[in-house]
Amino acid sequence: EAGVAQSPRYKIIEKRQSVAFWCNPISGHATLYWYQQILGQGPKLLIQFQNNGVVDDSQLPKDRFSAERLKGVDSTLKIQPAKLEDSAVYLCASSQDGSEQFFGPGTRLTVL
Amino acid sequence: AQSVTQPDIHITVSEGASLELRCNYSYGATPYLFWYVQSPGQGLQLLLKYFSGDTLVQGIKGFEAEFKRSQSSFNLRKPSVHWSDAAEYFCAGASNAGGTSYGKLTFGQGTILTVHP
């Protein structure tokens, strides 16, 4: 069984630029999560999708972050414009029935 | 507010020694509890989880954890550490959402484990 795929693995941008991350969950998994992991901290949930609907986006900075999950499969997380404090690893996870989350390798973003 | 705390930022042990990583939680009701491991450049891998029942939970790679309601703790243990166990370990909690489903995961700050030969 293929795991959660994420791309790119690394991204370096300058502040005020925009960036997008892509996630392909495990086939058949209805729930998809995006987490932000700042260096030295545990992951923090940004947004949770159930199929293509948003379940929880209470911690998503909506003035600059957006996410979508078209057709209930792949998902894209976008930051526009990026700030220095957005430097972090962005983790995508998926779950079939809500009982276990499987994580991808993450995208490491550096904002200069 | 719901929270998970890992008091130790960094722990160093010798290979073959025993290990205990501490985790404390603060939830209104008994949460679901998890331990994850993260190796450099890798995603999070689930070691074990506690939903209910037996308070001593066995996981993968020889790890176990014990749920202690009186101490609001869920400490991770391993009797003999191997060099390959060097990684960062995260404790996480989630509210019960019915059956085996749960709400969003709240992670602790993580504990970095260094293993000396």
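Just so it is clear, the values below take in all heavy atoms, side chains as well, and ignore hydrogens, waters and symmetry mates. Chain letters run A, B, ... following the sequence lines, proteins first, then strands; residues in each count from 1. Here the structure is a predicted model, which means the values were calculated and not measured.
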Step through the shown structure and confirm whether more than 12 heavy atoms of other residues, nucleotides or ligands are within 6.0 Å of [atom1] on [X].
X      : atom1 : value
B:L56  : CG    : yes
A:K62  : NZ    : yes
A:Q80  : CD    : no
A:L112 : CG    : yes
B:W83  : CH2   : no

Measure the spacing between [atom1] of [X] and [atom2] of [Y] and express it to the nearest 0.5 Å.
X      : Y      : atom1 : atom2 : result
B:L105 : A:Y35  : CG    : OH    : 4.0 Å
A:Q101 : B:F34  : CD    : CZ    : 7.5 Å
A:L46  : B:K104 : CG    : NZ    : 10.0 Å

Shared hydrophobic cluster for B:F67 and B:L19 (ILVMFWY, side-chain gaps under 4.5 Å)
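Yes, B:F67 connects to B:L19 through the hydrophobic network.
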Decide whether A:L39 and A:Y10 are clustered together by the hydrophobic rule: side chain heavy atoms of Ile, Leu, Val, Met, Phe, Trp, Tyr closer than 4.5 Å, transitively.
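They do not share one cluster, since no chain of ILVMFWY contacts under 4.5 Å joins A:L39 to A:Y10.
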Region of B:L46 that comes under 4.5 Å of a non-hydrogen atom in chain A
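Just its side chain gets close to chain A.
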B:Q38 versus chain A, the contacting section by heavy-atom distance below 4.5 Å:
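Contact with chain A involves the side chain of B:Q38 alone.
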Measuring heavy-atom distances to chain B, does [X] have an atom under 4.5 Å in its side chain, in its backbone, in both, or in neither?
X      : value
A:Q96  : neither
A:R9   : side chain
A:T107 : neither
A:Q6   : neither

With a 4.5 Å limit on heavy-atom distance, are the side chains of B:F90 and A:P43 in contact?
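B:F90 reaches A:P43 side chain to side chain.
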